[in-house]
Protein chains: 2
Amino acid sequence: MGVAERKAKEKEELRSLILQGAKKLFVQKGIEQTTIRSIAEAIDYSVGTVYVYFKDKNAILHALHTQGFAELGGQFAVLFNVTDPMERLKAMGRVYIRFAHDNPDMYELMFSIKAPMEFLNAVNEEWKEGKAAFTVLQTTVQQCMEAGHFDGHRLEPMTFMIWSLVHGMCSLEIGQRTKSVNLQEADGIVEQAYDEFLKIIDKL
Amino acid sequence: MGVAERKAKEKEELRSLILQGAKKLFVQKGIEQTTIRSIAEAIDYSVGTVYVYFKDKNAILHALHTQGFAELGGQFAVLFNVTDPMERLKAMGRVYIRFAHDNPDMYELMFSIKAPMEFLNAVNEEWKEGKAAFTVLQTTVQQCMEAGHFDGHRLEPMTFMIWSLVHGMCSLEIGQRTKSVNLQEADGIVEQAYDEFLKIIDKL
DNA sequence: TTATAAATTGAACAACGTTCAAAATTTGTT
DNA sequence: AACAAATTTTGAACGTTGTTCAATTTATAA
């Protein structure tokens, strides 16, 4: 059945087109301003069509969130050329921070906004993107431990602590909490704070 | 003019009543479900009246956010009975974590949601609550340094790093990112990770 | 009692997510 | 090529949201 195949491909293409339009608006106008109507208008389809391909707005946001993880995962993948786990861990933090800085709305969608998680709850699925990313980090931390670092520390809490530290900085920055606190060196505070962290783990 | 005074007091009381109703719904139903209409209904006034006392929803959210800082600040104030700055720093983290855990919606409003910051930008005001809270933390970190800790570290980035670490854990937990990552010990991960952090700074 | 000022109301507006019967298009059959 | 069935697309309509503001009600002053 060549027809069924073509239809399936067309469905996939339209689904992709919707996400493409959504992402474009997302980056341009931010998550708040990205409405179903604006997405439909951007790709010259009606609102009804969008709802054929996505059950609701949360489903669209979850799909975008998944795309974000694919992109971040791709950036992490490069780091596995770094053999020294400690150096790799440090580089992961820098990549993470740069990703958050370059894609603030996407970052929020991936790590702060509840919509993607609510979608997962609704369809009873797991957060496999998050689990995979966490595992990548945890594996690196474990290799650091095997290399003699982080003595006396537990793997899982230690991994979560490191994630939290970097996420916290990005979250505060994106949430406009850093620039409002009247720091002496407002811009670059994230990088400076991360450097302090690196100084610390260098001794662990 | 006794009348003018009474009027002023009545205005303040109604303003307070609106916030009280808003906070009640806020805690009960969450931020998403707290609408202007529901606030008005909760206190038996019309929507129009709410807009006499607050220029828009952001103004209400900002006022609630301010109340949140007053509450957290009150909890921090107790800690100044702890003379040892290192012990105080550790206790501040615990208080912060507990506050976030007990008041998740309020916490998000204070440290994640953009509405309060947008209100400040709109009326061209400073984030004095955030600045005050940050200063309290920074002062404690400074006293730790004066007591011989954190040698070779810079005050401001170090303070921001510590804030980020604790905020990051709370943010991930509230944003439902911890329970979805399939941790071996999902509940208590925040406390466990914080313990790892305490182990680290004990050596600094 | 009456006129002025202040406070309160709620209908109305635009925009949102969402639904669904109807219209338009594509497919399969004769 | 013509027609029926299946599929895809449409956009008007519904309920809610934040917000506005002329009209109403209430309180004050003369």
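Keep in mind that this is a model prediction, so the values were computed, not measured. Just so we're on the same page: letters track the sequence lines, and every chain starts at 1.
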Per ring-ring contact (aromatic ring centres under 6.0 Å, His included), A/F111 is matched among A/F99, A/Y96, A/F134 by A/Y96
Look at B/E87 together with B/K90 and state whether they make a salt bridge at an N to O cut-off of under 4.0 Å. yes
A/S46 side chain: which of D/dT19, D/dT9, C/dG10 is closest? D/dT9
side-chain N/O B/Y53 vs C/dA7 OP1/OP2, d < 4.0 Å: no
Nearest to the side chain of B/I36, which nucleotide is it out of D/dG11, C/dC16, D/dT19? D/dT19
Per atom distances to the B/Y51 side chain, the nearest of C/dA12, D/dA13, D/dT20 is D/dT20
Base, sugar-phosphate or nothing for B/I39? Non-hydrogen atoms, less than 4.0 Å. nothing
Looking across every strand, which nucleic acid part, if any, lies under 4.0 Å from A/T49 by heavy atom: base, sugar-phosphate, or nothing? base
In whole Å, what is the span from the CD atom of A/E32 to the C1' atom of D/dT17? 12 Å
Counting any heavy atom closer than 4.0 Å, what does A/F54 reach on the DNA or RNA strands: base, sugar-phosphate only, or nothing? nothing
Counting neighbours of CD on A/E32 that are heavy atoms of other residues, nucleotides or ligands and sit closer than 6.0 Å, is the number greater than 12? no
Is a salt bridge present between B/E196 and B/K199, judged by a nitrogen-to-oxygen distance below 4.0 Å? yes
Among D/dT17, D/dT10, C/dA7, the nucleotide that comes nearest once only the side chain of B/K11 is considered: C/dA7
